[in-house]
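Values below: every heavy atom of this structure, side chains too, minus hydrogens, waters and symmetry copies.
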Amino acid sequence: MTGNVKEGKVSVFWDLTDFPVPEGRSIREIVGTVLEKEGYTGEISIKAYGETTNQCPPEDDIPFAHNSDKYWRLNRILVDICLWSLDSPAPYEGPATLMVVAKNIEERSEFVAVIQNLKASGYNTIFVVPDGYSPYGVPIPKVNLAWYWKSLLEGGERIPDLKLQGILLRVKQHETNVF
């Protein structure tokens, strides 16, 4: 990959039904705070998904895909991520970061495979997980960085590298023991 990943474009895909934005806050503020703290300086684009009855719809400049069905939302996010990867520079041409804020993604889904393939291809991948997350419940894809929900909202620290590696190792062990 050429260039510093923290200088590249960051694209955020946020499921507002899974992770609603608290009243008085904005998606752009929440994401901008944690990424700036990590040293990211690139342009941030955001797309939101959720039910039409969300208490706090996204800001006017954020595209919003309305739907209450979780399966539909995850598939729409997946399609949008695939389209994003076609429009984003290949990692060898310049850095690109993908951030997913969604939960209850099945471990053996195409969604997980796509995220892992993008990471393996050199894209920087970031995930947000629910507080109290257990890798034995619904494992997360192998990603570069992750935040717990509460920490993300508070502009706090990401999951430390060693702890994230431990989570991902437990995910791998869990996958090995499934069969």
For the atom pair [atom1] ([X]) and [atom2] ([Y]), what is the distance rounded to the nearest 0.5 Å?
{"X": "Y148", "Y": "L153", "atom1": "OH", "atom2": "CG", "result": "15.0 Å"}
{"X": "L145", "Y": "T125", "atom1": "CG", "atom2": "OG1", "result": "8.0 Å"}
{"X": "I62", "Y": "L16", "atom1": "CD1", "atom2": "CG", "result": "8.5 Å"}
{"X": "K150", "Y": "D131", "atom1": "NZ", "atom2": "CG", "result": "7.0 Å"}
{"X": "F13", "Y": "I81", "atom1": "CZ", "atom2": "CD1", "result": "5.5 Å"}
{"X": "T17", "Y": "H66", "atom1": "OG1", "atom2": "NE2", "result": "11.0 Å"}

Shortest non-hydrogen separation from [X] to [Y] and the atoms involved:
{"X": "W72", "Y": "A65", "answer": "CH2-CB, 4.0 Å"}
{"X": "W149", "Y": "P20", "answer": "CZ2-O, 3.2 Å"}
{"X": "G32", "Y": "I44", "answer": "CA-CD1, 4.1 Å"}

Any [X] side-chain heavy atom under 4.5 Å of [Y] side chain:
{"X": "S45", "Y": "K9", "answer": "yes"}
{"X": "I46", "Y": "R28", "answer": "yes"}
{"X": "V12", "Y": "V10", "answer": "yes"}
{"X": "I30", "Y": "V34", "answer": "no"}
{"X": "I115", "Y": "V100", "answer": "yes"}
{"X": "I126", "Y": "W147", "answer": "yes"}
{"X": "L164", "Y": "R158", "answer": "no"}
{"X": "W84", "Y": "L118", "answer": "yes"}

Whether [X] side chain and [Y] backbone form a donor-acceptor pair below 3.5 Å:
{"X": "Q116", "Y": "K142", "answer": "yes"}
{"X": "S11", "Y": "L98", "answer": "no"}
{"X": "K6", "Y": "E38", "answer": "yes"}
{"X": "K37", "Y": "G155", "answer": "yes"}

- Message: Does the structure place the NZ or CZ of K47 under 6.0 Å from the centre of the six-membered ring of F64, at an angle of no more than 45° from the ring's axis?
- Response: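 Geometry flag: not set, cation outside 6.0 Å or 45°.
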- Task: Classify the angle between the aromatic ring planes of F127 and F111 as parallel (below 30°), tilted (30 to 60°) or perpendicular (above 60°).
- Result: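 Ring orientation of F127 relative to F111: perpendicular.
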- Message: Tell me whether the count of non-hydrogen atoms from other residues, nucleotides or ligands lying under 6.0 Å of CD in E36 goes above 12.
- Response: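 No, not enclosed.
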- Query: Of K70, R76, K103, which is the lone residue that meets salt bridge (Lys or Arg N to Asp or Glu O under 4.0 Å) with D15?
  - Reply: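 Single pass found, and it is K70.
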- Task: Please find out if less than 6.0 Å separates the ring center of W14 from that of F19.
- Result: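 No, ring centres 6.0 Å or more apart.
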- Evaluate the side chain to side chain contact (heavy atoms under 4.5 Å, CB included) criterion for residues N67 and E51: first the C-alpha distance (whole Å), next the side-chain angles of each, then the deciding distance (0.1 Å), finally the verdict. CA-CA 5 Å; N67 201 302; E51 297 181 32; over 6 Å; no
- Message: Checking side-chain polar atoms at under 3.5 Å, does Y40 have a donor or acceptor matched by the opposite partner on N124?
- Response: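 A pair is found: one side chain offers a donor N or O, the other an acceptor, under 3.5 Å apart.
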- Item | Residues Y49 and D80: side-chain donor-acceptor under 3.5 angstrom |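 Y49 vs D80: donor-acceptor pair found between side chains.
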- Does the pair R73/D69 count as a salt bridge with the N-to-O cut at 4.0 Å?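 D69 and R73: not salt-bridged.
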- Message: I'd like to know whether V21 forms a side chain to side chain contact (heavy atoms under 4.5 Å, CB included) with S26, so could you lay out the CA-CA distance, the side-chain angles of the two residues, the decisive distance to 0.1 Å, and finally the verdict.
- Response: CA-CA 7 Å; V21 176; S26 75; 5.7 Å; no
- Task: Apply side chain to side chain contact (heavy atoms under 4.5 Å, CB included) to V31 and L152, showing your working.
- Result: CA-CA 8 Å; V31 170; L152 180 84; 5.7 Å; no
